[in-house]
Amino acid sequence: MIEILFFFFAALAVGAAINVLVQKHVLYSALSLIVLLSSMSGLFILLRADFLAVIQVIVYAGAIMVLFVFVIMLLNLPEDEDGADRLRWLKFLGIPLGLFFLFLTVITLWNVERQDIVEAQMAGTPELIGRSLFTDYLLPFEATSLLILIALMGAVVFAKKDL
Amino acid sequence: MVATHHYLFLAAALFTIGVIGVLTRRNIMIVLMSIELMMNAVNINLIAFSNHLQQVNGQIFAIFVITVAAAEAAVGLGIVIAMFKNKETMNINEIDLMKW
């Protein structure tokens, strides 16, 4: 059962990821990315990371993608008709180089010695994550709040009229 | 049985698709979305290893990655809007102010 679900979500994720790149209109790419992020949340549930699956849907597929779709609709972008978006030679250079990168990664992963998963399943519950976040990782957690504050101020500065 | 290396192969494939997107597409929105895709591939790796080692640390790091992605999306889209107001284009090849 888990195998079927894994291959279903994996195929959905890879298909949606390819669809992000081949779509002509940016809005369809954004909608395809939402499918990708949702299927990834299913994969997180299979990995027993329940809290992160919920966070993935709320923060990624919810907040971040709403921001993307909002900006696309705000700017009212035209469809890429003359193909200026895709340069011909870039395609012939980028895709082989990308596939070569994938080849190197797969070769490396293939040669790693494989171990079976320990059966004692740990579930990523909010309690476990919160306990770790507020004890061992308290300083990075506080630093993150500073990062978000800086991003907030940056977004406000970029939204000014005379930039 | 789905083992950890299945997830690693999936993450490698998704990361590669993100890299190809950054390399081939010239629309700045697509480039931003490809970067989000690459961050998600890294998240799969982190959570797969968190499950493999039965430790929660990987999931904590995934939360930090999601936070950084949110901040990056906010600032990146602010840059996109400011750029579109000034130059009326989404093509990153036409943004060559800093190019020598």
Enquirer: Looking only at non-hydrogen atoms, find the nearest pair between B:Ile17 and A:Leu21 and report the distance.
Expert: O-CD1, 3.3 Å
Enquirer: What residue in A:Tyr137, A:Phe7, A:Phe141 has the most heavy-atom pairs under 4.5 Å with chain B?
Expert: A:Tyr137
Enquirer: Using non-hydrogen atoms only, which part of B:Phe61 is less than 4.5 Å away from chain A: side chain, backbone, both, or neither?
Expert: side chain
Enquirer: Between A:Leu67 and chain B, which part of the residue has a heavy atom less than 4.5 Å away: side chain, backbone, both or neither?
Expert: both
Enquirer: Is chain B contacted by the side chain of A:Val106, its backbone, both, or neither, given a heavy-atom distance below 4.5 Å?
Expert: both
Enquirer: Hey, does B:Ile44 have a side-chain heavy atom less than 4.5 Å from the side chain of A:Met40?
Expert: yes
Enquirer: Quick check: is B:Ile30 connected to A:Val66 through a chain of hydrophobic side chains (ILVMFWY, heavy atoms under 4.5 Å apart)?
Expert: no
Enquirer: Evaluate the criterion side chain to side chain contact (heavy atoms under 4.5 Å, CB included) for residue pair B:Asn40 and A:Tyr60; output intermediate values, then yes/no.
Expert: CA-CA 10 Å; B:Asn40 266 282; A:Tyr60 248 123; 3.4 Å; yes
Enquirer: Only pairs of heavy atoms separated by less than 4.5 Å count here; which of B:Ile63, B:Val22, B:Ile92 has the most with chain A?
Expert: B:Ile63
Enquirer: With a 4.5 angstrom heavy-atom cut-off, could you sort out which part of A:Leu74 is near chain B: side chain, backbone, both or neither?
Expert: side chain
Enquirer: Who pairs with B:Tyr7 by ring pair (Phe, Tyr, Trp, His ring centres under 6.0 Å), at least two apart in sequence or on another chain?
Expert: A:Phe6
Enquirer: To check you understand the geometry: which heavy-atom pair defines the closest contact between A:Leu75 and B:Val80, and what is its length?
Expert: CD1-CG1, 4.0 Å
Enquirer: Can you measure from OG1 (B:Thr16) to CG (A:Leu104) and round to the nearest 0.5 angstrom?
Expert: 10.0 Å
Enquirer: Checking A:Ala63 against chain B: side chain, backbone, both or neither under 4.5 Å from a heavy atom?
Expert: neither
Enquirer: Please flag which part of A:Phe68 lies under 4.5 Å from any non-hydrogen atom of chain B: side chain, backbone, both or neither.
Expert: both
Enquirer: Do other residues, nucleotides or ligands put more than 12 heavy atoms under 6.0 Å from the CE atom of A:Met73?
Expert: no
Enquirer: Heavy-atom pairs under 4.5 Å with chain B - which of A:Ile148, A:Leu33, A:Leu152 has more of them than the others?
Expert: A:Leu33
Enquirer: Please report the closest heavy-atom contact between A:Lys160 and B:Lys85, naming both atoms and the distance.
Expert: O-NZ, 3.7 Å
Enquirer: Cluster question for you: counting only ILVMFWY and a side-chain heavy-atom cut-off of under 4.5 Å, with indirect links fine, are B:Met29 and A:Val22 together?
Expert: yes
Enquirer: Looking only at non-hydrogen atoms, find the nearest pair between A:Ala17 and B:Leu14 and report the distance.
Expert: CB-CD2, 3.8 Å
Enquirer: Can A:Leu139 be reached from B:Phe64 by stepping across I, L, V, M, F, W or Y side chains whose heavy atoms are under 4.5 Å apart?
Expert: no
Enquirer: For the interface with chain B, which of A:Val156, A:Val59, A:Thr105, A:Ile95 has the highest count of heavy-atom pairs at distances below 4.5 Å?
Expert: A:Ile95
Enquirer: Enter the distance from A:Asp136:CG to B:Asn57:CG here, rounded to the nearest 0.5 Å.
Expert: 7.0 Å
Enquirer: Do A:Ile45 and A:Val35 belong to the same hydrophobic cluster, where Ile, Leu, Val, Met, Phe, Trp and Tyr are linked whenever their side-chain heavy atoms lie under 4.5 Å apart, directly or via other members?
Expert: no
Enquirer: Grab the two heavy atoms, one from A:Trp110 and one from B:Phe9, that are nearest each other, plus how far apart they are.
Expert: CE3-CZ, 3.3 Å
Enquirer: Under 4.5 Å heavy-atom distance to chain B, tell me which part of A:Ile150 shows up: side chain, backbone, both or neither.
Expert: neither
Enquirer: Measure A:Val14 against the heavy atoms of chain B and call it side chain, backbone, both or neither at under 4.5 Å.
Expert: both
Enquirer: Looking only at heavy atoms and a cut-off of under 4.5 Å, which of B:Val19, B:Ile66, B:Asn43 has the most pairs with chain A?
Expert: B:Ile66
Enquirer: Nearest 0.5 Å please: distance from the CD1 atom of A:Ile55 over to the OG1 atom of B:Thr67.
Expert: 8.5 Å
Enquirer: Check whether B:Ser50 gets within reach of chain A through its side chain, its backbone, both or neither, counting any heavy atom under 4.5 Å.
Expert: both
Enquirer: So which part of A:Phe51 gets closer than 4.5 Å to some heavy atom of chain B, the side chain, the backbone, both or neither?
Expert: side chain
Enquirer: Donor-acceptor check, side chain of A:Arg48 to backbone of B:Asn51, threshold 3.5 angstrom: yes or no?
Expert: no
Enquirer: Which bit of B:Val68 is near chain A, if near means a heavy-atom gap under 4.5 Å: side chain, backbone, both or neither?
Expert: both
Enquirer: Can you tell me how far the CG atom of B:Asn27 sits from the CD1 atom of A:Ile72, to the nearest 0.5 Å?
Expert: 8.5 Å
Enquirer: With side chains defined as the heavy atoms from C-beta onward, is the minimum distance between A:Phe44 and B:Gln59 less than 4.5 Å?
Expert: no
Enquirer: Side chain, backbone, both or neither: which part of B:Met33 has a non-hydrogen atom closer than 4.5 Å to chain A?
Expert: both
Enquirer: Quick one: CG on A:Leu99 to CD1 on B:Ile20, what's the gap to the nearest 0.5 Å?
Expert: 4.5 Å
Enquirer: Of all of A:Val20, A:Leu52, A:Ile64, which one pairs up most often with chain B through heavy atoms under 4.5 Å apart?
Expert: A:Leu52
Enquirer: So if you build clusters from Ile, Leu, Val, Met, Phe, Trp, Tyr with side-chain heavy-atom gaps below 4.5 Å, do A:Ile107 and A:Leu102 land together?
Expert: no
Enquirer: Parallel, tilted or perpendicular, judged at 30° and 60°: which one describes the rings of A:Phe101 and B:Phe15?
Expert: tilted
Enquirer: Looking at every non-hydrogen atom in both residues, tell me the closest pair between B:Ala74 and A:Ala155 and how far apart they are.
Expert: O-CB, 4.3 Å
Enquirer: Contact part of B:Leu10 toward chain A, heavy-atom cut-off under 4.5 Å: side chain, backbone, both or neither?
Expert: side chain
Enquirer: Which atoms of A:Ile18 are under 4.5 Å from chain B, going by heavy atoms: the side chain, the backbone, both sets, or neither?
Expert: both
Enquirer: Filter on salt bridge (Lys or Arg N to Asp or Glu O under 4.0 Å), then keep only pairs touching residues 123-134 of chain A, sequence neighbours left out; what's left?
Expert: A:Glu127-A:Arg131
Enquirer: In terms of heavy-atom proximity below 4.5 Å to chain A, should B:Gln55 be classed as side chain, backbone, both, or neither?
Expert: backbone
Enquirer: With a 4.5 angstrom heavy-atom cut-off, could you sort out which part of B:Ile60 is near chain A: side chain, backbone, both or neither?
Expert: side chain
Enquirer: Looking at B:Leu23, B:Val75, B:Ile47, which has the largest count of heavy-atom pairs under 4.5 Å with chain A?
Expert: B:Ile47
Enquirer: Name the region of B:Ile79, side chain, backbone, both or neither, that has any atom closer than 4.5 Å to a heavy atom of chain A.
Expert: both
Enquirer: Just how far is it from atom CG of A:Leu46 to atom NE2 of B:His6, taken to the nearest 0.5 Å?
Expert: 13.0 Å
Enquirer: Give, as side chain, backbone, both or neither, the part of A:Ser29 having an atom under 4.5 angstrom from any heavy atom of chain B.
Expert: both
